[in-house]
Amino acid sequence: MRTKLIAANWKMYKTPDQTSEFFRNFLPLVSGHTRDEIAVCPPYIDIATAVQAAKESNVGIGAQNMYWEKEGAYTGEISTGMILAAGCKYVIIGHSERRQYFGETDDTVNKKLKVALDAGLIPIVCVGEVLEEREAGLTEDVLRRQCTNAFRGISAERAAKLVVAYEPVWAIGTGKTATPQIASDAHVVVRAEAGKAFGKQFAEDLRILYGGSVKPDNANALMSEEEIDGALVGGASLDPKSFAAIVKY
Ligand code: 13P
């Protein structure tokens, strides 16, 4: 049985004060909820506040990005050591917005993944096709390429904590959700790639989240799919009631 992970990706939203307010309202709504693992990934500036607020709760905190060097002259970057020291458990790697606007490539994703795994963080590696790729029938090729490159040079043992999120770019922030069937089909491709890289048992145990316009009213249908092991939620995770409703799908 794979425990589902319901994770919030706040992107570039909320100040520390707004973060405190979110947790004040959100934690009572999910207290005692043990069926699913819950994570919130706020902007770096809010991590300390979030960790403090979620201390001794059933909610883990994550970062939205990281750099692979330990420390050094890398203005604006943050290392896994810093993320861990701040109290994070998770780190999102290779989100499509990072790939689209900040020059992330399959190669940087692979570098980050190795370092995040070695640091003991739970990496959430994002993959997914853009609309033109889907329309051109290239979805499977894109997912295979992104997965093969992300997983390159990593052993099953080292990859143990890996989580993958399938986020079709055309479904992100658009209100257009992939149907449970479309998501499941993509997850099968990702799982097969994980099987090739890490072996059958690993693939069976791998959690593959779906992300892209997950809302309280479509969460249940998506989460009922055997292949879907959780959600990575953007817009609908900013409101405590709406994110709690998704957690409790
Ligand atoms: P939305 O839920 O806003 O579509 O964003 C999805 C996403 O990108 C999560 O990482």
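Read the numbers this way: they start at 1 and go in the same order the structure lists the ligands and their atoms. When reading the values below, keep in mind they use all heavy atoms of this one structure, side chains included, and skip hydrogens, waters and symmetry mates.
Interface atoms of ligand 1 facing Gly173, defined by a heavy-atom separation under 4.0 Å, are 1 (P), 3 (O), 4 (O). Proximity to Ser213 (heavy-atom distance under 4.0 Å) selects the following atoms of ligand 1: 1 (P), 2 (O), 4 (O). Atoms of ligand 1 lying under 4.0 Å from at least one heavy atom of Asn9, given by number and element, are 9 (C), 10 (O). Taking every heavy atom of Gly212 and a limit of under 4.0 angstrom, the matching atoms of ligand 1 come to 4 (O), 6 (C).
Remark: side-chain polar atoms of Lys112 are not paired, donor with acceptor, to backbone N or O of Gly94 under 3.5 angstrom. Remark: the backbone N or O of Ala192 is not paired with any side-chain donor or acceptor of Arg144 at under 3.5 angstrom. For Tyr90 (side chain) and Ala7 (main-chain N/O), no donor-acceptor pair under 3.5 Å exists by modelled atom type. Checked by atom type and distance alone, the side chain of Arg2 never pairs as donor or acceptor with a backbone atom of Ile228 at under 3.5 Å.
For Ser184 and Glu225, the side-chain atoms include at least one donor-acceptor pair closer than 3.5 Å. Side-chain N/O atoms of His95 and Gln64 include no donor and acceptor closer than 3.5 Å.
Atom 3 (O) of ligand 1 has Gly235 N, 2.8 Å as its closest protein atom, hydrogens excluded (heavy atom only). The protein heavy-atom contact nearest to atom 5 (O) of ligand 1 is Lys11 NZ, 3.2 Å. For atom 7 (C) of ligand 1, the closest non-hydrogen atom of the protein is Glu167 OE2, 3.2 Å.
Under a 4.0 Å heavy-atom criterion, Ala236 is not in contact with ligand 1. Using a 4.0 Å heavy-atom cutoff, Ala171 is listed among the residues neighbouring ligand 1. Residue Lys215 places no heavy atom under 4.0 Å from ligand 1.
Here the closest heavy-atom approach between residue Ala194 and residue Ala203 is recorded as C-CB, 4.2 Å.
Heavy atoms from other residues, nucleotides or ligands lying under 6.0 Å from CD1 of Ile45 number 12 at most.
For Leu232, heavy-atom contacts with ligand 1 shorter than 4.0 Å involve the backbone as well as the side chain.
Considering both main-chain and side-chain atoms, Gly234 comes within under 3.5 Å of ligand 1 through a nitrogen or oxygen pair. Considering backbone and side-chain N/O of Ile172, none are found under 3.5 Å from N/O of ligand 1. By the 3.5 Å distance cut-off applied to N or O atoms, His95 is counted among the residues near ligand 1. At a 3.5 angstrom cut-off on N or O pairs, Thr174 does not count as close to ligand 1.
Here the CG atom belonging to Asn149 is positioned 7.5 Å from the CG atom belonging to Asn110, to the nearest 0.5 angstrom.
Under the 30°/60° scheme for interplanar angles, the aromatic rings of Phe202 and Phe198 are found to be tilted.
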